[in-house]
Amino acid sequence: MSPTAQNPAKPVSDVIVIGAGIMSATLAVLLKSLDPALTIAGYERLNAVAAESSDAWNNAGTGHSAFCELNYTPERADGSIDISKADKIAEQFELSKQFWASLVAEGVLPDPGSFIQDIPHMSFVWGAANVEYLRKRHAALLHSPLFQGMEFSTDPARIAAWIPLIMEGRDPAEPVAATRMAIGTDVNFGALTRSMVTYAAGLPGVAFNLGYEVEDFRRKDDGIWRLKIRNLATDESRIVRSRFVFIGAGGGTLPLLEKTGIPEADGFGGFPVSGQWLKCQNPAVIARHEAKVYGKPAVGSPPMSMPHLDTRQINGRKELLFGPYAGFSTKFLKQGSYTDLFKSIELGNIRPLLYAGARNLGLTRYLIGQVLQSPEDRTAALREYYPTANPTDWQLEVAGQRVQVIKKDKKAGGVLEFGTEMVTAADGSIAALLGASPGASTAVAIMLDLVQKCFPERAATPEWQARFRALVPSFGQALAADPALTTAVRERSRRLLRLDA
Ligand SMILES: Cc1cc2nc3c(=O)[nH]c(=O)nc-3n(C[C@H](O)[C@H](O)[C@H](O)COP(=O)(O)OP(=O)(O)OC[C@H]3O[C@@H](n4cnc5c(N)ncnc54)[C@H](O)[C@@H]3O)c2cc1C
């Protein structure tokens, strides 16, 4: 997509979105759908849409529904399983599917096969204690309507029929267990983002400007935000103005949030974690795997580094990846600068950063271990999931960069968080999204919250409420408490998104 100029007829935009990733794209499409008269300008530093975390190979493309991710179902001290987080994540992904389904029905999005596919979501564990955990997790999840249909097995033959690569060459004496949810999905968030931006950029009053970096913010007494933007091709800077600003700059959000000067930004820091995958090059191997299979994360590792052997569908091709291998880089963006981490440190966040660092020595040790991994170590990790893997079939690829949120905490001084954090000014004139997990899958839930927080009067009007429900039929209702509604919205999403499982 070539850069487009900002609409000169309306020098003060209603909305500016910073970054052309899944978050800004979702917000732009949602807002235009609520009020077609809004003017929206987007600024993206790269010359391409969705080229950072949202691009297909920079993330795992898992439609996070807590079907297979074991970190969303922790074991309590009494041995029971807490499914509250799993219910929340599953519910949020259903909102995303409903929204995308509506966009397909309205002709906003093209053929759903270009961005979403059915793929079973499985968890696989070995060892008696892990088998017992998975059995309890399965039993607990079946109490929720969101997890009906999940299968559980400890039978090696049945599991081998589901995931032959994972069972071949495994010690038959070792106890194993797996769960399988047929209605899992693989999402090409890059393709989805590009389709949404292409659609939005074609609407009157919307312009997405590529190759422009947002550098600074000022707000005067008139309440209008002034953003200093730099054209990276010509090195010229200018000021653009807007009533509302969303900082959807992914890893680049924290430094921008700090520059806004809003008191709500005080005390936030960021800790970058990079990632790598092994990408399979052998079509015969790729053809033999048909699932996203998540395992248990290693002791001390951050929750998002659960190993998984993962079928993907990218640009019409079936692919297979294993990973992620975590790493440490001081960059906040894959295409960022090694000075990003140091530049983000300021008086207001140095204390939370130091305390969070001191409290997470296990994570530091884990990351150092990951960075020092040799190719043989990586093959050994792969063979825990695919025992007969041939290392020459696999190639190492760099994934996207995540910036984990560090927050001020009264008791602990500072805490490291692994979720996302929406920071909004008290008057709702600016909002910023920090963190990366569960990420793109929850973009719709995050943006529905943002709109209600930052545009409260308009969001409460009958017109916007009706539009919310048209786009997301279960809007305002809890799926986890309503089996009939869960079945109905799932059926609608499956039909409109043409998912067959
Ligand atoms: C290894 C990995 C695996 C993941 N796996 C999954 C998964 O399986 N499922 C899932 O749902 N999520 C996953 N995620 C998370 C998901 O990728 C992110 O949550 C999501 O893509 C974030 O979207 P975004 O729009 O906030 O950021 P991005 O897609 O990173 O977009 C931000 C944009 O802002 C631009 N930008 C930055 N600074 C500036 C500036 N100053 N001026 C102008 N533009 C700027 C950047 O160039 C970029 O294009 C994963 C992430 C990683 C890194």
Side-chain angles (χ1 to χ4, degrees), residues 16-28 42-65 68-69 89 92-93 96 121 184-190 192-194 196-197 208-217 227-232 246-257 259 272-277 292 294 302 304-306 308 310 312 321 323-327 332-337 340 397-404 419-420 422 432-447:
I16 280 182
V17 294
I18 304 174
I22 185 89
M23 297 298 169
S24 293
T26 303
L27 182 61
Y43 294 96
E44 163 58 55
R45 67 193 283 271
L46 301 177
N47 286 314
V49 171
E52 279 283 343
S53 290
S54 300
D55 199 23
W57 281 112
N58 286 341
N59 61 71
T62 303
H64 283 306
S65 302
C68 54
E69 309 87 335
I89 304 286
Q92 287 180 328
F93 189 61
S96 288
H121 280 195
T185 52
D186 179 62
V187 184
N188 182 336
F189 292 110
L192 175 61
T193 303
R194 283 185 281 276
M196 285 198 283
V197 170
F208 267 88
N209 305 275
L210 305 184
Y212 283 84
E213 186 159 68
V214 176
E215 294 187 326
D216 213 350
F217 300 79
L227 276 62
K228 185 179 169 202
I229 58 164
R230 188 156 60 92
N231 179 333
L232 297 177
F246 170 60
I247 312 178
T253 295
L254 177 66
L256 290 177
L257 179 62
K259 286 180 184 165
V273 178
S274 59
Q276 292 174 323
W277 317 114
K292 284 178 177 277
Y294 277 60
M304 76 284 186
S305 58
M306 284 163 300
H308 44 102
D310 219 355
R312 307 284 313 270
L321 66 79
Y325 300 94
F332 276 1
L333 291 162
K334 190 171 175 180
Q335 301 185 55
S337 152
D340 287 345
E397 296 276 341
V398 178
Q401 189 75 358
R402 301 191 212 231
V403 178
Q404 306 304 143
T420 45
M422 179 67 79
L433 186 69
L434 296 169
S437 188
S441 301
T442 54
V444 174
I446 292 171
M447 291 308 143

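Indexing begins at 1, ligand by ligand and atom by atom, following the structure's order. Since this is a predicted model, take the numbers as computed values, not measurements.
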Which of the atoms of ligand 1 are close to Leu46, meaning less than 4.0 Å from one of its heavy atoms?
47 (O)

Does [X] approach ligand 1 within less than 4.0 angstrom via side chain, backbone, both or neither, non-hydrogen atoms only?
X: Leu256; answer: side chain
X: Ala399; answer: side chain
X: Leu333; answer: side chain
X: Glu213; answer: both
X: Tyr43; answer: backbone

Among [options], which residue places a heavy atom closest to [atom]?
atom: atom 50 (C) of ligand 1; options: Thr26, Asn59, Asn47, Asp216; result: Asn59
atom: atom 52 (C) of ligand 1; options: Leu433, Asn58, Thr253; result: Asn58
atom: atom 43 (C) of ligand 1; options: Met23, Arg230, Arg45, Gln335; result: Arg45
atom: atom 32 (C) of ligand 1; options: Ser53, Gly42, Gly248, Gly63; result: Gly248
atom: atom 20 (C) of ligand 1; options: Asp310, Asp340, Ile22; result: Ile22

Give me the nearest non-hydrogen protein atom to atom 9 (N) of ligand 1 as residue plus atom name, then the distance to 0.1 Å.
Thr62 O, 2.9 Å

Nearest protein heavy-atom contact for atom 33 (C) of ligand 1: which residue, which atom, what distance?
Glu44 OE1, 3.5 Å

Is Pro324 in contact with ligand 1, taking contact as a heavy-atom separation below 4.0 Å?
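No; Pro324 lies far enough from ligand 1 that no heavy-atom distance drops under 4.0 Å.
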
Would you say Ala51 touches ligand 1, if touching means a heavy atom closer than 4.0 Å?
no

How would you list, by chain and number, every residue that makes a side chain to side chain contact (heavy atoms under 4.5 Å, CB included) with Ala51, sequence neighbours excluded?
Leu46, Ala48, Gln335

Less than 4.0 angstrom from a charged side-chain N to a carboxylate O is my criterion; do Asp216 and Lys259 meet it?
no

For residues 45-59, pull every pair meeting salt bridge (Lys or Arg N to Asp or Glu O under 4.0 Å), keeping only residues two or more places apart or in separate chains.
Arg45-Glu213, Asp55-Arg194

Regarding ligand 1, does Gly400 bring an N or O atom to under 3.5 Å of one of the ligand's N or O atoms?
no

Taking distance alone, with no angle check, do Glu52 and ligand 1 share an N/O pair under 3.5 Å?
no

Can you confirm whether or not the ring centre of Phe93 sits under 6.0 Å from the ring centre of His64?
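Between Phe93 and His64, the centre distance exceeds or equals 6.0 Å.
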
